[in-house]
J.: 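Structure provided below as structure tokens; questions to follow.
What's counted below: heavy atoms across the whole structure, side chains too, no hydrogens, waters or symmetry copies. We count residues from 1, following the sequence as given.
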Amino acid sequence: MADAAVNLLIDMLKPIIEKEARLLGGVHGEVEKIQRELQSMTAFLKDADRRKDDDNDNNNDDGDHGVKAWVSQVRDAAHDTQDAIEEYMFHLARRSRSGGGSRAIRFVLKSFRSNHLSTRHRIASRVQSIRSRVHEISSAAERYKFDREKQSTHREREPPRVAALFVDEADVVGIDAPREALLEWLTQGERKRVVVAVVAMAGMGKTTLVKKAFDHDKVKKLFDCVAWITVSQNFDMGEVLRSLIGDLFPQKKCPAPQNLGSMNDPQLMETLKAFLFNTSYLVMLDDVWDLGVWERIQYAFPDGENHRGRLVFTTRKLDVARACTEASGYVFELQPLRTKEAWELFCRRAFRREGGLCPDDLRDLSLNFVRRCGGLPLAIVAVGGLLAGKDKTMNEWDKVYRGLGWHLGMQHHLVEMKRIFLLSYNDLPYTHKSCFLYFSLFPEDCSIKCIKLVRLWIAEGFVESKHNLTLEEVANEYLDDLIKRSLIQVADVSSYGKVISCRIHDLVREVILSKARDENFTTFVGIDSGELYNMPRPRRLSVHHSFDLVSQESGFTHLRSLFTFGVTAAFTTYSLHRFFSGCRLLKVLDLDGMPIEKFPIEITSLLHLRYLSLRNTNISVIPESIRRLRNLETLDLKGTKVCKLPLEILKLRKLRHLLVYLYASYVYVSLDTIKGAKMPMKIGKLVELQKLSYLDLDGKPGQVKELKKLTQLKRLGILKLRSEDGRDLCDAIQKMKGLLAFSASSKDETELLDLRWVDEPPKLLQHLYLFGMLGDFPNWITKLMNLVKLRLRWTKLKNNLFEPLQNLPNLAELELLEAYDGEELCCGGGGFKKLKVLVMDQLNELRVVEIGKGAMVSLQKLSIQRCGKLEKVPLGIEYVAYLKELHLLDMPEEFIGRVRKYGGEDHSRVEHIQIIDTFYQRDGQFFHEVLK
């Protein structure tokens, strides 16, 4: 992790040195020297960091413990440098923000300026001292580098993988179905080269699965020769090719070339390719980390007719799996064990002496262990093995459960599992390491919104800028890479395939919690013992359940981030002042869900703050002093009572995401479903805005023109539009070339939402929500080739809505609520090719829906709600083969009767649908009935 801290600091120093030299004054030269020293150490840091992980898991000699100390010194020096520079920038920010005309204020300013030189001198001396420290640390690196060269032959090792090749049958559960699928790919199909990639996170059982298929009689009979090679991270092409030749040649009684040891890589490839010509072969490459392995080695294997060749990869990286199989092959994504299978495996391991039977008194605790293992075979076997050696008492097992994180670093059964997980971590680029460790801040089993993670990473400074890409786009690339590396899990996906939220496996979380504590990355309050961990100079604080311990501390001068989770007691004025007065370098403050009634005024003294979330609190007023937060990038007031922002919000010129809205679920069928906020007239001054939701235009005629200046907007929500605002709004959204999501609602249900003036709509627009009477259908919507989600509410259109929408190539979700006043909706054959979710609600005149053959071929969920005149289920629904769910809400009893299992006239047309149910109200009570 020290390599990440140092590289992030170097990235931070570069613009400061280039742009802030005048402000830094005498500090500038020392900062440049620190930067050069740190740059010279980065080459050694990554390896030293990895060796430090080995030290944590093994009793190594004093030299290795010296490496651990050296890495910690580098990390601390990087943090101290960052602190000193940001403290100085804080000092300059306070100085520049001081102003006023009164005699008293001028006197204070004079005193403040007289102290400026002494403050500058103090910080310059501090930076100089840090530079001397860094120089000494850099000199020490030479000694450890020499030691590393001497010991590299036995230090640089991988965790042994041989155990997976000889796994006990008792430790194999739930493998039959995936093995049969794999066998089919290996043994069936054409006589040509086929690549099969088995991908999953560490510990999922990839190697075990492939070995069981590899050893099957079907495979042995089909192929002339087979070979198994472990690739791993330290890949050497020549070594792998020589191993393959050494394994394969004897199987056909062919001698290996005498000059095998002196051949170069191309010669080795030609030799292997010639040998495999007209030969059926199966080659297993276990643990492939890098796409470069396949890009180089593929030329050693014949590819064409009459060459029955099968290449099988195991990998932790989805992008590697996809790339290897792109031309001809299959990707098999191995899934976690199901609960029943996981329980069976756990009992086999933990209760081996008891014949695999769990005692009744340990059943609940055992189920908790299984849940924490999350279907991961390696974790289940390791934890079960640890518990097998413990006394079978609830007290003993409870201690293991509560201290599982500690056992990861101490107990033989779990240490190796931790090392396997850390291989994936150490393989990350430095930019990704801090992003991955950020998951340690969140509670167990917590699903985290991807869009929130992206904003947090940017606020922390973890995201590198790239040419022509926004920081948000780069951060999303990081997130996608972590998912493809099988380090984080997808928790929720939209109907059109976008990852909405993610999480980490519980055992992986234990590993990174341990890592985060070791690296002083995260400090916790309210977890486990409920006490504040004794961390020197905490940089990120995650508070769970209670803030009492935090408010009593004052040692948070180095704190960069504060999160609260499930805290039920609000701050007191005294505790707020005490805490925030010592946190002047804070960048991230997330008080989501805190029972706060009033905006804590002390927050406005946090001049480095970039991310502020008061989401789901009870605050209603934002103070004028918000203007002091000039570095703020995200202001999240979603779910609060704030309905107006002060004029001073316009001072926050770095603001990128402004969220001020509240969903009123009790008025679902009203334009008042969303409550926004009134904002200053000149909102166009916030030119960096990428998200603005929701702007309440009530009482602000002409404010729409300001939106033309917000050309960087990606997401825009706007409320209470008047018909005369239509042309200006259309002009504005045409200037937002990168707009991805747009929501607009009219002032009331009688006000026309006039959006017919768009000639060139934003090409990237994906989400469109229009609430209000449209008059005529806006034809520009048919040009939105990237549109995936469309909501039309109270639009009251007259013409068949399916006709203009059915040819949108990527539309996946369509919701129509009082959107259409006609009697028929007809979709032609081949229409709505990618539509997965269709909701028809309160289409009060609708009598017939018709789906042509070959239309809606991807539809999975259909909801029909409060369509009182609809006579029967859609004609042609029997041809929608992939439809899984049919939900009926407050539909007439006659309609419901037609789809009932017994006696329903339309039942035969819907019996292919897996789930059919109805929701309805009778006499004020709500009922749910399953019809199938």
Side-chain angles (χ1 to χ4, degrees), residues 164 167 171-175 177-178 198-209 314 316-318 332-350 358 362-387 397 400-409 411 413-425 436-448 482-493 499 501-516 527-528:
V167 66
D171 294 337
V172 180
V173 171
I175 207 170
V198 180
V199 61
M201 68 180 293
M204 194 69 80
K206 302 182 293 294
T207 301
T208 302
L209 166 64
T314 66
R316 306 181 187 193
K317 299 181 178 180
L318 184 58
F332 187 90
E333 295 188 51
L334 190 57
Q335 300 301 314
L337 295 178
R338 291 173 294 185
T339 302
K340 182 180 178 181
E341 297 165 339
W343 174 253
E344 180 184 350
L345 179 57
F346 177 82
C347 290
R348 286 185 186 182
R349 290 291 295 178
C358 174
L362 291 177
R363 186 174 182 83
D364 289 344
L365 199 49
S366 295
L367 286 169
N368 286 338
F369 275 112
V370 171
R371 180 188 59 78
R372 290 190 76 175
C373 290
L376 194 66
L378 175 65
I380 297 169
V381 170
V383 172
L386 171 63
L387 292 168
W397 280 39
V400 175
Y401 185 81
R402 289 184 287 110
L404 200 55
W406 176 84
H407 285 288
L408 280 169
Q411 297 292 334
H413 291 87
L414 300 184
V415 165
E416 205 58 50
M417 182 179 70
K418 178 181 177 182
R419 285 173 51 78
I420 290 172
F421 288 151
L422 284 176
L423 277 177
S424 294
Y425 171 79
F436 182 50
L437 285 189
Y438 220 72
F439 283 86
S440 66
L441 287 157
F442 298 91
E444 187 178 7
D445 293 326
C446 178
S447 293
I448 309 156
L482 289 172
I483 293 172
K484 288 177 179 176
R485 288 170 179 264
S486 304
L487 280 169
I488 62 177
Q489 300 173 324
V490 174
D492 189 19
V493 183
V499 179
S501 60
C502 54
R503 64 183 299 275
I504 57 172
H505 188 281
D506 283 349
L507 264 296
V508 175
R509 180 175 179 272
E510 291 293 345
V511 172
I512 67 168
L513 281 175
S514 173
K515 187 75 174 171
I527 297 181
D528 300 331

J.: At what distance, to the nearest 0.5 angstrom, does OG of Ser366 lie from CH2 of Trp343?
T.: 4.5 Å
J.: To the nearest 0.5 Å, tell me how far Tyr401 OH sits from Asn368 CG.
T.: 4.5 Å
J.: Any donor-acceptor pair under 3.5 Å linking the side chain of Lys206 with the backbone of Met201?
T.: yes
J.: Who are the side chain to side chain donor-acceptor pair (under 3.5 Å) partners of Gln489, not counting sequence neighbours?
T.: Arg503
J.: Sequence neighbours excluded, which residues qualify as side-chain contact (heavy atoms from CB on, under 4.5 Å) partners of Glu444?
T.: Arg371, Arg372, Asp506, Arg509
J.: What residues, two or more places apart in sequence or in another chain, satisfy side-chain contact (heavy atoms from CB on, under 4.5 Å) together with Leu378?
T.: Met417, Ile420
J.: Got a sec, which residues hit side-chain contact (heavy atoms from CB on, under 4.5 Å) with Ala342, two or more places apart in sequence or on another chain?
T.: Leu337, Val370, Ile380
J.: What's the separation between atom CD1 in Ile512 and atom CZ in Phe421, rounded to the nearest 0.5 Å?
T.: 11.5 Å
J.: With a 4.0 Å cut-off on N to O distance, would you call Glu344 and Lys340 a salt bridge?
T.: no
J.: Can you tell me how far apart CD1 (Ile448) and CD1 (Ile504) are? Round to the nearest 0.5 Å.
T.: 7.0 Å
J.: Taking the side chain as everything from C-beta on, heavy atoms only, tell me whether Leu422 gets closer than 4.5 Å to Tyr425.
T.: yes
J.: Holding to salt bridge (charged side-chain N to carboxylate O under 4.0 Å, His left out), I want the full list of residues that pass it with Arg338, two or more places apart in sequence or in another chain.
T.: Glu341
J.: How long is the straight-line distance from CZ of Phe436 back to CG of Leu487, given to the nearest 0.5 Å?
T.: 4.5 Å
J.: Using ring-ring contact (aromatic ring centres under 6.0 Å, His included) as the criterion, list what pairs up with Phe332, not counting sequence neighbours.
T.: Trp185
J.: Determine the minimum heavy-atom distance between Val383 and Cys373, stating which atoms define it.
T.: CG2-SG, 3.9 Å
J.: What residues form a side-chain contact (heavy atoms from CB on, under 4.5 Å) with Val493, not counting sequence neighbours?
T.: Val490
J.: Considering all heavy atoms of both residues, which atom of Leu376 and which atom of Ala202 are nearest to each other, and what is their separation?
T.: CD1-O, 3.5 Å
J.: Rounded to the nearest 0.5 Å, what's the gap from CG on Leu513 to CG on Leu507? Could you check?
T.: 11.0 Å
J.: Mind checking what makes side chain to side chain donor-acceptor pair (under 3.5 Å) contact with Ser424, not counting sequence neighbours?
T.: Arg316
J.: Does the side chain of Met204 reach to within under 4.5 Å of the side chain of Leu209, using non-hydrogen atoms?
T.: no
J.: For Ser447 and Ser501, which heavy atoms make the closest approach, and how far apart are they?
T.: CB-OG, 4.2 Å
